[in-house]
S.K.: 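The structure is given below, and queries will be raised subsequently.
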Amino acid sequence: MPDASSMPGPLSGSERGAETGTRARVARIVMEKGPITAADLGERLGLTPAAIRRHLDNLTSEGMVEGRDARPHGGRRRRGRPARVFAITEAGRDAFVHAYDDLASSALRFLAQTAGPEAVGEFARSQVADLEKRYEPMLDSVPPEERVHLLAQALSNDGYAATAGRAPAPGGGDQLCQHHCPVAHVAAEFPQLCEAEIEAFARLLGTPVRRLATIAHGDGVCTTHVTPRDDASSGEGHSPATNSVRRPADGGSPYHKDV
């Protein structure tokens, strides 16, 4: 039996803070990069396997992340124990939501009641205007075919954990995915926030875009389909009829949104 003097004592306040901070970093990387293995997490954070296991065990017991067997590449199952990967849960995603959601929702409710729903839309567009102003020079500096990936990078830098790639659906185009939405709970009540964002994406990319899924409506990811530029210029390649097509008042590019 180990001597009592060799047993670890309780963590100090600073040690508890560091432990909590590292755990939050682990959860954020799982949300942004997951599903991800413990080995990849340790590599990204410079932590030992024992430390990563401790944080993952705690996050799993708290319901913040979940572990599952990785899908084999190419559909072939390899011999031996399957790799274990970790993904964020809905509760884990909620933990990253800003603490001011209730206040923001109350303020927008008051605005809608006193000035009308259109005022909420104007507010949403004014909020997105700053993002658009920052992104526009950067996107204009690269060829059109590189803009979706650069937009994803810019959104990630702003905390949206975004990725971009080729769209899996027939017809081609690109797909922009945002794995985190800081205003998801507010946007669930006020879709004007999502509408203003998608209008800005269409203008920044110079081609119609279509929002396929949103975290605000219970989906795991905000997914946006970006129409190929050739199709946009020829008027081809659009999905029919379950979507409305709007054109911004300033004459910019049209965008699609689910109705």
Side-chain angles (χ1 to χ4, degrees), residues 27-28 31-32 88-136 139 148 151-152 154-164 175-205 207-227 239 241-259:
R28 178 170 286 279
M31 180 184 69
E32 294 180 354
I88 201 75
T89 63
E90 194 60 37
R93 193 187 303 280
D94 287 345
F96 286 94
V97 175
H98 289 289
Y100 300 106
D101 273 359
D102 289 343
L103 178 62
S105 295
S106 296
L108 289 177
R109 249 178 254 125
F110 178 80
L111 181 63
Q113 290 167 2
T114 56
E118 189 54 40
V120 177
E122 290 179 17
F123 170 80
R125 287 188 288 273
S126 72
Q127 293 299 296
V128 174
D130 175 64
L131 175 146
E132 189 174 353
K133 186 177 180 181
R134 288 189 292 111
Y135 290 179
E136 187 173 16
L139 295 181
V148 178
L151 177 57
L155 288 166
S156 290
N157 292 339
D158 280 344
Y160 290 87
T163 57
Q175 186 164 282
L176 176 68
C177 295
Q178 293 158 262
H179 300 266
H180 177 52
C181 175
V183 296
H185 284 68
V186 183
E189 184 175 355
F190 297 99
Q192 295 95 323
L193 298 173
C194 293
E195 292 173 16
E197 180 181 76
I198 208 71
E199 288 174 358
F201 288 175
R203 290 191 295 270
L204 286 167
L205 297 173
T207 188
V209 301
R210 179 186 177 199
R211 182 58 57 83
L212 302 178
T214 64
I215 295 171
H217 290 155
D219 300 300
V221 179
C222 291
T223 306
T224 304
H225 178 262
V226 181
T227 302
S239 300
T242 56
N243 299 278
S244 64
V245 182
R246 296 186 179 183
R247 184 175 295 276
D250 61 3
S253 300
Y255 74 100
H256 299 258
K257 78 178 188 72
D258 291 339
V259 293

S.K.: What distance do Ile198 atom CD1 and Leu176 atom CG have between them, rounded to the nearest 0.5 Å?
M.R.: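 Here the rounded value is 8.0 Å.
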S.K.: Are the side chain of Tyr135 and the backbone of Leu204 linked by a donor-acceptor contact shorter than 3.5 Å?
M.R.: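 Absent.
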S.K.: Among His217, Arg211, Glu199, which residue satisfies the side chain to side chain contact (heavy atoms under 4.5 Å, CB included) criterion with Cys194?
M.R.: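 The option that passes is Arg211.
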S.K.: Thr163: what forms a side-chain hydrogen bond (donor to acceptor under 3.5 Å, both in side chains) with it, not counting sequence neighbours?
M.R.: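 Here the qualifying residues are His179.
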S.K.: Write out all pairs satisfying salt bridge (charged side-chain N to carboxylate O under 4.0 Å, His left out) with one or both partners inside residues 178-190, taking only residues at least two apart or from two chains.
M.R.: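 Pairs touching residues 178-190 that pass the test: Arg109-Glu189.
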S.K.: Which heavy-atom pair separates Ala184 from Ala216 by the least distance, and what is that distance?
M.R.: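 Between these two residues, the closest heavy atoms are O-CB, 3.5 Å.
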S.K.: For Ile215 and Cys181, which heavy atoms make the closest approach, and how far apart are they?
M.R.: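 Result for this residue pair: CD1-N, 3.8 Å.
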S.K.: Is the side chain of Ser156 donor-acceptor paired with the backbone N or O of Ala162 at a distance under 3.5 Å, no angle test?
M.R.: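 Checked: pair present.
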S.K.: Going by side-chain hydrogen bond (donor to acceptor under 3.5 Å, both in side chains), name the residues that satisfy it together with Tyr160, two or more places apart in sequence or in a different chain.
M.R.: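 So Tyr160 forms no side-chain hydrogen bond (donor to acceptor under 3.5 Å, both in side chains) with any residue.
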S.K.: Going from CG on Leu131 to NZ on Lys133, what distance comes out if it is rounded to the nearest 0.5 angstrom?
M.R.: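 Spacing of CG (Leu131) from NZ (Lys133) equals 12.5 Å.
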S.K.: Counting C-beta onward and ignoring hydrogens, is there a side-chain heavy-atom pair between His180 and Ile88 closer than 4.5 Å?
M.R.: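 No, their side chains stay 4.5 Å or more apart.
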S.K.: With a 3.5 Å cut-off and sequence neighbours excluded, list the donor-acceptor pairs that the side chains of residues 117-129 form with protein atoms.
M.R.:
unit_1: Glu118; atom_1: OE2; unit_2: Arg125; atom_2: NH2; d: 3.0
unit_1: Ser126; atom_1: OG; unit_2: Phe123; atom_2: O; d: 2.6

S.K.: Suppose we screen for side-chain hydrogen bond (donor to acceptor under 3.5 Å, both in side chains). Which residues come up paired with Gln192, at least two apart in sequence or across chains?
M.R.: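 In terms of side-chain hydrogen bond (donor to acceptor under 3.5 Å, both in side chains), with neighbours along the sequence ignored, Gln192 is linked to no residue.
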S.K.: Would a 4.5 Å heavy-atom cut-off, applied to side chains only, mark Phe201 and Leu155 as touching?
M.R.: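 With C-beta onward as the side chain, the pair touches.
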S.K.: Distance check, rounded to the nearest 0.5 Å: Thr224 atom OG1 versus Glu197 atom CD?
M.R.: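 Output value for this atom pair is 7.0 Å.
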S.K.: Quick one: does Thr227's side chain get under 4.5 Å of Arg210's, heavy atoms only?
M.R.: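 Result no, sub-4.5 Å side-chain heavy-atom pair not found.
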S.K.: Between Leu212 and Gln175, which heavy-atom pair has the shortest distance, and what is it?
M.R.: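 Taking Leu212 first and Gln175 second, the nearest heavy atoms are CD1-OE1, 4.4 Å.
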S.K.: Listed by chain and number, what are the salt bridge (charged side-chain N to carboxylate O under 4.0 Å, His left out) partners of Asp219, not counting sequence neighbours?
M.R.: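 Asp219 satisfies salt bridge (charged side-chain N to carboxylate O under 4.0 Å, His left out) with no other residue.
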